[in-house]
Amino acid sequence: MSVDLLVPLPVILPLLAAGLKFALGPRSPLVNRTLSVGTLSAVLAVAVVLLVAADRDGPQVASLGGWDAPVGIVLVADRLSALMLVISAAVTLCVLVYSYGQGNADDEEGLPLAVFHPTFLVLAAGVSLAFLAGDLFNLYVGFELLLFSSFVLITLGGTRSRIRAGTTYVVVSVLSSILLLAAIGFVYAATGTVNMAQLAGRLDVLDESVRLGLQLMLLLAFGIKAAVFPVSAWLPDSYPTAPAPVTAVFAGLLTKVGVYAIIRTETLLFPDGRISDLLLVVSLLTMIVGILGAVAQTDIKRMLSFTLVSHIGYMVFGVALGTRLGLTGAVFYVVHHITIQTTLFLTAGMVERVAGTTSTERIGGLASIAPLVAVLFFIPAMNLAGIPPFSGFLGKLALIQAGTAAGGVLVWLVIVASVLTSLLTLYAVAKVWSRAFWRAPHVALPLYGDDEDGFGDDVVGETLGGHTISTFDTMPRLMVGATAALVALGLAFTVAAGPLADLSDRAAGELRDRDVYVRAVAPRPVDPETGRMGRGIADPPTNPLTGLRRSGDAVDGATP
Amino acid sequence: MSISLVLAAVVGVLFACGVVLILERSLTRVLIGIALMSNGANVLILATGGRAGDAPIVGDGAGANGRMSDPLPQVMILTSIVITFALTAFLLALAYRSWQLQGHDEVQDDVEDRRVASRPDEESLDAGADAELEHTDFDDDEDADPNEDVPPVQVPVTAEHDVVGDRGVVGAEDGEERP
């Protein structure tokens, strides 16, 4: 059995399980739970196998329905895709376990929870599809899949604050999807294909200005999803009100899918680096504006949302450099950041459970009240700020090294900004640390739902189902376990930084040499025994907009 | 090969109307704007499929005039129509829920943003001055809303109620009351 048969499984398994769970409903929680955890564990196992295979034998390609590219739809797992799959599967699994812990503690078995878990699986399927998609349109479908589940998750329970935050999120996400769809329409008009391997060749022969237009449109659409600066304002507005596990998985994965799409298009489709200056400026502004926002916040979840925006800038910096070193740094940083950001949001959920709110104006002394939560917050927080020897430091160092190797005034400016951002991140998390954890617990315990400050009930924690959160002296064991597992994963990146950096380097090498991807999708020699047709990329490109060639003309040529 | 001018104009008009509507505060209008823009994108993809009237896949490619139109864009449009359909249903539910909760379906400003922006300074917060702060902030709206059943907490933020205006009021009150 060849490994490439496994490629569709990360998409199919969660979807199947989600269907089963909808059929089951809230009945038999044990079966439900086993199904969810089992499915995501299986996805994790498959992803690991894919990563090993992709690393050893090159990209694994699955043609759906037996139709080879470019006629059929292909799913491609190269090193970058497989690595992202492994991390996303690990993170979603931990968050799922955490949400079971929280759901148990709140004794919620009713309707919202029965919706939460299947939707969460659909989200996982959408993320996998976006990582594996071998053509732009499937990437769009993957995005829609994950966005739709995220719409449901962010408005879970339908409380006032979640509806308010969800509205912004939904409208902005939909707008970016429409832009992406229009961009795909233009790409198809210009080249006659949406298959990325095929586009890699056909975009090269296009007119310069047409190509630049396509590149900018795709970049804008993905940029909104990744929350890079000029189009990032929606994120800190909408994420913090969602339930803790939902925010955690959004923060960890959804923006990174956008970053992944940017990396993929910039390396595979437009490798000439014509807009690298633009990307450098964008990354600089994303870092600085994001972190300045974080410094101003008093709510832990909102502060974390702003650092999330800010640190997207680091990844864009790596992509903007476009060198092998830069891409290595970007890939390493994505892996590190998914884990750390998710962990921090999960810890914020635990703070909410101890104190009833995440507003640092109302809480204090958590280090003595809940020392375990304090430790689980402190480690990833320092990791995020880039304190040696954590992986955050190593990732930033890799990017700065790549920057110094590339040189140039603008690059040096971004390097200075990245160091400054790191420092301000330390300031922001240290402020939260000293207020929420370190200071004496002199503040009165928070009052729930009394709307004391007149600005709505946003600062009061809500459970998955949207009820006011009940505080606990003891932490549910599953929540602690899942968070601790993610903290350990973050620390593992530090310990195993060597192998991970090597893997990122190999992934970057594969990204830089796009022939690897194209060859894996395109040519497969005809099997002499079975006589089965190999994969072939058919020329010539159709081109109704620029008028070079189109399918009708090609058919004309074929008819005598 | 040229593209149909009519289709191009339709795409332009749909997108323009969609952008105007999406900038509105009312979620229902935003929804209509989104529907228009999605359809604009669909027509755009349709326009890439080739000239109207040509047959799709025809054997060895011999249509009536020797041309065939590309069937793939229509498949993509079908997918995107289904997605838009689901989206419309979801947004309608969202608008209805918003109306249920607050009596209107206006998209609101981020409350926490306004709180951070209208924060006068750290010391007045620590001194516990927030009680007066909110009182002045939302006083007139509570008066304006006699209906006790509708919670008056979240005010739709319109041009008259922007952050700068609020801050002006808060600052003035604060200055008066501080010893």
Side-chain angles (χ1 to χ4, degrees), chain A residues 137 140-141 144 148 151-152 155 158-161 163-168 170-171 174-175 177-179 181-182 184-186 188-190 192-194 236-238 240 296-299 302 361 451-459 542-545 547 549-556 558-559, chain B residues 1-3 15 18 22 27 30 34 37-38 40-42 44-45 47-51 54 58 60-63 66-70 72-73 76 79-80 83 86-87 90-91 94-95 97-98 100-102 107-108 110-116 119 125 130-131 133-135 137-138 151 153-154:
Chain A
F137 197 77
Y140 164 77
V141 173
E144 288 302 316
F148 261 90
F151 295 164
V152 175
T155 54
T159 60
R160 177 183 293 267
S161 55
I163 291 290
R164 186 199 61 72
T167 309
T168 326
V170 170
V171 172
V174 169
L175 192 65
S177 291
I178 293 175
L179 279 176
L181 189 63
I184 290 173
F186 282 126
Y188 189 77
T193 181
V194 286
D237 188 6
S238 51
Q297 299 304 317
T298 55
D299 185 281
R302 291 183 59 87
E361 282 167 5
D451 197 21
E452 184 205 333
D453 63 0
F455 280 94
D457 44 9
D458 280 22
V459 287
T542 54
N543 202 336
L545 273 192
R549 277 163 285 182
R550 57 174 266 113
S551 57
D553 304 345
V555 173
D556 280 346
T559 8
Chain B
M1 184 63 210
S2 57
I3 206 159
F15 264 90
I22 220 169
L27 192 53
V30 170
I34 285 174
M37 283 175 80
S38 315
N42 289 344
L44 182 115
I45 297 178
T48 67
R51 184 180 299 186
D54 289 348
V58 272
D60 279 333
R67 271 197 306 264
M68 77 172 204
S69 73
D70 193 344
L72 191 58
M76 295 202 272
T79 313
S80 113
I83 290 173
L87 181 80
F90 184 83
L91 271 175
L94 202 64
R97 180 70 180 156
S98 178
Q100 248 185 350
L101 281 173
Q102 26 212 3
V107 182
Q108 295 171 359
D110 186 0
V111 266
E112 185 72 11
D113 262 0
R114 297 181 58 214
R115 210 172 71 81
V116 170
R119 188 170 50 185
L125 260 187
D130 10 4
L133 189 146
E134 284 89 43
H135 196 63
D137 218 10
F138 284 85
V153 195
Q154 297 219 347

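Keep in mind the model is a prediction, meaning the values are calculated, not measured. Numbers restart at 1 for each chain; the letters A, B, ... are given by sequence-line order, proteins then strands.
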Legend entry - Under 4.5 Å from a heavy atom of chain A, the part of A95(B) involved: neither

Legend entry - Contacting moiety of T155(A), where chain B heavy atoms sit under 4.5 Å: side chain

Inset, instruction - Please tell me if the side chains of Y140(A) and M76(B) come closer than 4.5 Å, counting only heavy atoms from C-beta onward. - result: no

Inset, instruction - Indicate yes or no: at least one non-hydrogen side-chain atom of L94(B) is less than 4.5 angstrom from one of F151(A). - result: no

Inset, instruction - Side chain from CB out, backbone as N, CA, C, O: work out which of these in L27(B) comes under 4.5 Å of a heavy atom of chain A, or both, or neither. - result: side chain

Inset, instruction - Could you look at F148(A) and say if it's the side chain, the backbone, both or neither that has a heavy atom under 4.5 Å from chain B? - result: side chain

Legend entry - Minimum heavy-atom distance between E144(A) and I83(B), given as atom pair plus value: OE1-CG2, 3.2 Å

Legend entry - side chain to side chain contact (heavy atoms under 4.5 Å, CB included) partners of S98(B), counting only residues at least two apart: I163(A), Q102(B), D105(B)

Legend entry - Atom group of L87(B) that falls short of 4.5 Å from chain A, counting heavy atoms: both

Legend entry - Residues in side chain to side chain contact (heavy atoms under 4.5 Å, CB included) contact with L175(A), at least two apart in sequence or another chain: I22(B), M37(B)

Inset, instruction - Measure the spacing between CD1 of I45(B) and CZ of F137(A) and express it to the nearest 0.5 Å. - result: 6.0 Å

Legend entry - Side-chain heavy-atom pair N42(B), L181(A) within 4.5 angstrom cut-off: yes

Legend entry - Interatomic spacing from CG in L44(B) to CZ in F186(A) - rounded to 0.5 Å: 4.5 Å

